[in-house]
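Step one of this worksheet: look at the structure below.
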Amino acid sequence: MSAPHQDKALPTRLDRRREQRHVLVVAVEAVVPEGLAHADVVVVAPALNSRLRRWVSDEDAARRRAEERLGTLVDQLRPITGHVEGRVGDADPLLAIGDALATFPADEIVVAAGAEFSTGRALELVARARERFALPVLRAGGSQAVAA
């Protein structure tokens, strides 16, 4: 008789997990967005590269920079969030977002871009992500998330 009791407890745990926010952080810089306490977070760090290096398939340095950015951000988010994991993504941030959304059911997307990634480029990425994905997209600049 204990088996039905265990089955009843399972949906409650699943419902509680789904109530948690699922946030995809696109780390074009190692900027820590605010408001992620207790959220389930996946960080994707696009392997940003110059057009020339991308054209000649010279991606090693770009992937190393992305791995460093990813490690820094995941380490900073670990004590804040409910769960965080990360991965290096495609050089094109929109493709990196699409790849991550294929396996992570995000409720929102946060583009983490500070001063080094130009404001214009960050706003363009936010606008393009809003057009392509049916999710709220915010930009985290400095220490706060702002609607772009």
Side-chain angles (χ1 to χ4, degrees), residues 9-148:
L10 183 60
T12 305
R13 277 189 241 126
L14 292 175
D15 290 343
R16 196 174 326 138
R17 178 157 165 77
R18 190 57 205 154
E19 288 174 12
Q20 190 173 31
R21 284 178 42 229
H22 292 73
V23 182
L24 175 63
V25 175
V26 184
V28 292
E29 288 185 337
V31 174
V32 178
E34 289 184 350
L36 297 179
H38 309 295
D40 189 9
V41 177
V42 167
V43 179
V44 62
L48 302 172
N49 212 352
S50 71
R51 288 183 184 173
L52 175 61
R53 288 187 184 273
R54 190 170 181 196
W55 186 69
V56 296
S57 299
D58 184 8
E59 297 181 1
D60 293 343
R63 292 193 70 76
R64 265 193 311 277
R65 286 189 306 271
E67 287 170 2
E68 290 171 8
R69 192 168 59 246
L70 179 65
T72 299
L73 196 51
V74 167
D75 287 346
Q76 292 175 341
L77 287 172
R78 190 163 279 126
I80 300 168
T81 63
H83 174 79
V84 63
E85 60 184 68
R87 58 188 81 146
V88 172
D90 192 88
D92 179 342
L94 288 178
L95 289 177
I97 293 169
D99 291 344
L101 290 175
T103 59
F104 179 68
D107 300 316
E108 62 189 275
I109 300 168
V110 175
V111 176
E116 289 183 31
F117 195 79
S118 77
T119 301
R121 287 174 59 201
L123 293 176
E124 179 184 347
L125 175 56
V126 168
R128 291 176 60 207
R130 284 181 178 162
E131 288 175 10
R132 185 162 177 188
F133 307 105
L135 293 169
V137 182
L138 300 174
R139 175 178 174 253
S143 63
Q144 59 183 350
V146 293

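These figures come from a predicted structure and were not determined experimentally.
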Subject >> Verdict with supporting geometry, L70 and V44, side chain to side chain contact (heavy atoms under 4.5 Å, CB included) >> reply: CA-CA 7 Å; L70 179 65; V44 62; over 6 Å; no
Original post:
For E124, what residues pass the side chain to side chain contact (heavy atoms under 4.5 Å, CB included) criterion, not counting sequence neighbours?
Top reply: R128
Original post:
Got a second to check how far R130's CZ is from L125's CG, nearest 0.5 Å?
Top reply: 10.5 Å
Subject >> A47 to R63 - nearest heavy-atom pair and separation >> reply: CB-CG, 4.0 Å
**OP:** Taking all heavy atoms of P93 and all of A91, pick out the closest pair and write down the distance.
**Re:** CD-O, 3.2 Å
Subject >> Criterion side chain to side chain contact (heavy atoms under 4.5 Å, CB included) against R21, the qualifying member of V41, T81, D40, L36 >> reply: L36
Subject >> Heavy-atom pair of closest approach, residues P46 and A27 >> reply: CD-O, 3.5 Å
Subject >> Minimum side-chain heavy-atom gap D90-I97 below 4.5 Å >> reply: no
Original post:
How about E108 and L135: do any of their side-chain heavy atoms sit closer than 4.5 Å?
Top reply: no
Original post:
Closest heavy-atom contact between R139 and A122?
Top reply: NE-CB, 3.2 Å
**OP:** Might you point out which heavy atoms bring R87 and A100 nearest each other, and give the distance in Å?
**Re:** NH1-CA, 3.5 Å
**OP:** Identify the two heavy atoms, one from T72 and one from A30, that lie closest to each other, and give their separation to 0.1 Å.
**Re:** CG2-CB, 4.1 Å
Original post:
Taking only residues two or more places apart in sequence, or in another chain, which ones meet Q76 in a side-chain hydrogen bond (donor to acceptor under 3.5 Å, both in side chains)?
Top reply: none
**OP:** Using a 4.5 Å cut-off on heavy atoms from C-beta on, say whether the side chain of R69 contacts that of L48.
**Re:** yes
Original post:
How long is the span from the CG atom in L101 to the NE2 atom in H22, to the nearest 0.5 Å?
Top reply: 12.5 Å
Original post:
E67: what forms a salt bridge (Lys or Arg N to Asp or Glu O under 4.0 Å) with it, not counting sequence neighbours?
Top reply: none
Original post:
What is the distance from atom NE2 of H38 to atom NE2 of H83, rounded to the nearest 0.5 Å?
Top reply: 15.5 Å
**OP:** Please test L73 against V84 for side chain to side chain contact (heavy atoms under 4.5 Å, CB included), starting from the C-alpha separation and ending with a verdict.
**Re:** CA-CA 10 Å; L73 196 51; V84 63; over 6 Å; no
